[in-house]
Structure formats: C-alpha cells, structure tokens
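Notes follow once the structure below has been shown.
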Amino acid sequence: MPASIAPDRSSSTWAGFLRFQADALLACDFFEAVTLSGARMYVLAVIEHSSRRIRVLGATAHPITSWVAQAARNLVMDLEDVGCRARFMIRDRDGKFPGLFDDVLKDAGIEVILSGIQMPRMNSIMERWVQTCRHELLDRTLIWNQHHLLHALREFEQFYNTHRPHQGIENARPLHPLPAPITDPDKLTHLDIRRGDRLGSLLHEYHHAA
C-alpha cells in the first residue's frame, strides 16, 4: 500500500484508548470569554468521557499557578465526594497549566496525558463541549463581569448535566438516565409538556406536567 494512503495507526490506537478507557477518562481545557468592558476571562472546565458530565472549575482574568492548582484540588475533592474513579486526564500543552496542576492530580492517582501539538482531535470531546458552550451560551449573552460570567456558566452547567440530551450517550443526560418510554396510548394522547426557562429564556427545559 502506498505510503500516501497508509492507515493512520497512531490515530486508531488513540481511538481505541478513548473507547476502552472511557470510564476512567477526564479531559480539561481553558477557553476565553470577553466581558462588555473588554476584560478577557479564562474559564477552566473538565468533562467526564463516559457520562459527559461537565464541571466548570472557575473563571479568572489571571490564571496564575496558585489559582490553577487550587482548581485542581477542588476537582479532586469533588471527584472523591461522588466516588469517581478517574485514572487519566487529557489536556493540551497550554502554558496556563503549571507543573503543580499535574502534581495535584498525580497525588490523587490521576495520570495527565498531553495531546499532540496542534492536534485538537486528541481532545475532541472537550473541544466539542467548548464549541457547544460558545454557540448556545457565550455567543448569545452579553457578559457584564466575572460574577455574571460565573453565574451564566453555572446555569449552563446545570442545564447541560441535568436536562440537555447527548447523542454520544444515546440521548441520555449526564446526571439522569433515559426515562422509561411511554407506551400507553391514553398517556400519549394526553401529553402535557411544560416549558421552563433559564437565563432569561436563553435556555429552555421541557417536562411532563405532574
């Protein structure tokens, strides 16, 4: 087979690793948000590969070593509280991640895996969430300041984890399994769906009326 069309063995190996280790995988990333005053804020978020649960660890204008390390400590405590047994953390080579960030995770038994240079697909699940957050929230919201940004992100985090269905997990929600299908013809005929709104009707939630 010519070299130009040879299969990408490293890609296949990485895909297999992601598939077989999904229950043990976390991924994280920094992304930027800009307030109305022009201040640039850096948001740090983490996602669980298997459940797609997102955790927004915080937002700051100055992601110094102490702030990032404390965010890692907070994450470790949260993972311990919910019994999450993550073993790997995928991150890119962003200079905002200090060595102390990796050390905190290592002490908790979590190995940091660096993605390749200019290879965002190696952290595709995290990158996809960042794009979702931009498209569904940040691109449609005027952010006043850090406090407003954190409020909006917390609302989106709760919406994403508890209500929004995800194709990657068969349209379930990260913190809720799929409900039992409705098969009773009478119930199907008399469906009563109510809408609830978040963030001034930016996000919509739909529920069966009690």
Side-chain angles (χ1 to χ4, degrees), residues 1-32 42-58 63 65 68-69 71-136 138 153 156-157 160-161 164-178:
M1 180 179 293
S4 59
I5 58 174
D8 186 348
R9 297 184 184 277
S10 62
S11 176
S12 299
T13 301
W14 181 251
F17 172 77
L18 296 181
R19 182 168 61 254
F20 294 121
Q21 296 291 343
D23 289 340
L25 277 173
L26 302 171
C28 66
D29 200 8
F30 274 101
F31 62 98
E32 297 181 6
Y42 299 93
V43 181
L44 177 57
V46 173
I47 196 168
E48 295 180 16
H49 268 223
S50 59
S51 70
R52 297 301 198 271
R53 177 178 179 174
I54 196 72
R55 290 176 173 85
V56 176
L57 301 187
T65 293
V68 180
R73 295 187 189 99
N74 294 343
L75 171 65
V76 168
M77 288 189 290
D78 186 39
L79 295 175
E80 291 175 349
D81 287 344
V82 299
C84 179
R85 300 191 178 187
R87 294 177 50 218
F88 304 99
M89 171 72 82
I90 301 172
R91 70 166 179 85
D92 60 21
R93 300 167 186 266
D94 193 327
K96 290 187 286 294
F97 289 107
L100 189 55
F101 177 87
D102 295 358
D103 293 341
V104 170
L105 296 179
K106 182 178 179 181
D107 289 343
I110 301 174
E111 179 184 351
V112 172
I113 299 176
L114 301 179
S115 61
I117 298 174
Q118 296 183 347
M119 297 178 66
R121 291 184 62 183
M122 290 187 70
N123 199 3
S124 59
I125 291 179
M126 186 71 241
E127 294 286 345
R128 191 176 304 124
W129 181 83
V130 171
Q131 293 303 315
T132 297
C133 184
R134 291 192 186 283
H135 176 71
E136 297 185 11
L138 297 178
L153 288 169
F156 187 71
E157 175 184 353
Y160 189 91
N161 288 335
R164 187 182 186 278
H166 304 288
Q167 292 184 352
I169 51 176
E170 300 180 347
N171 286 321
R173 296 158 292 174
L175 295 183
H176 295 294
L178 282 173

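Just so it is clear, the values below take in all heavy atoms, side chains as well, and ignore hydrogens, waters and symmetry mates.
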- request: Please indicate whether Arg93 has more than 12 foreign heavy atoms, meaning atoms of other residues, nucleotides or ligands, lying under 6.0 Å from its CZ.
  value: yes
Contact check, side chains of Asn161 and Ile54, non-hydrogen atoms, under 4.5 Å: yes
task: Might you point out which heavy atoms bring Ala27 and Asn123 nearest each other, and give the distance in Å?
output: CB-OD1, 3.1 Å
message: Side chains of Cys133 and Leu153, heavy atoms from C-beta outward: is any pair under 4.5 Å?
response: yes
- request: Kindly compute the distance separating CG (Asp94) from OH (Tyr42), expressed to the nearest 0.5 Å.
  value: 9.0 Å
message: Walk me through whether Asp102 and Met89 qualify under side-chain contact (heavy atoms from CB on, under 4.5 Å).
response: CA-CA 9 Å; Asp102 295 358; Met89 171 72 82; over 6 Å; no
task: Determine whether Lys96 and Phe101 make a side-chain contact, defined as any pair of heavy atoms from C-beta on separated by less than 4.5 Å.
output: no
- request: Over 60° means perpendicular and under 30° means parallel, so classify the ring planes of Trp129 and Phe156, tilted if in between.
  value: tilted
message: With heavy-atom distances below 4.5 Å as the criterion, would you say the side chains of Asn74 and Met77 are in contact?
response: yes
- line: Rounding to 0.5 Å, atoms CG (Leu25) and CD1 (Ile47) come to a distance of 11.5 Å
- request: Look up atom CG in Leu75 and atom CG in Leu105, then write down how far apart they are to the nearest 0.5 Å.
  value: 6.5 Å
message: Is there a side-chain contact between Leu79 and Leu26 in this structure, where contact means two heavy atoms from C-beta onward sitting under 4.5 Å apart?
response: yes
- request: Side-chain contact test, heavy atoms from C-beta onward, threshold under 4.5 Å: evaluate it for Arg73 versus Val76 and give yes or no.
  value: no
- line: One should read off an interatomic distance between Asp107 CG and Leu100 CG, to the nearest 0.5 angstrom, of 9.0 Å
task: Measure across Val68 and Pro98 and return the closest heavy-atom pair with its distance rounded to 0.1 Å.
output: CG1-CD, 3.5 Å
task: Answer whether the closest heavy-atom distance between the side chains of Val112 and Leu114 falls below 4.5 Å.
output: yes
field: Basic-acidic side-chain contact under 4.0 Å: Arg91, Asp29
entry: no
message: As an exercise, state the distance from CD of Gln131 to OG of Ser124, rounded to the nearest 0.5 Å.
response: 12.0 Å
- prompt: Would Glu48 and Ser51 count as having a side-chain donor-acceptor pair, cut-off 3.5 Å?
  reply: yes
Closest non-hydrogen atom pair between Cys28 and Val46, with its separation: CB-CG2, 3.6 Å
- request: Taking all heavy atoms of Ser115 and all of Met122, pick out the closest pair and write down the distance.
  value: CB-CB, 3.8 Å
field: Sub-4.5 Å side-chain heavy-atom contact between Arg55 and Asp78
entry: yes
field: Heavy-atom closest pair, residues Ala71 and Leu44
entry: CB-CD2, 4.0 Å
message: Measuring from atom CD of Glu32 to atom CG of Leu138, what distance do you get when rounded to the nearest 0.5 angstrom?
response: 11.5 Å
Lys/Arg N to Asp/Glu carboxylate O, Arg87 vs Asp23, below 4.0 Å: no
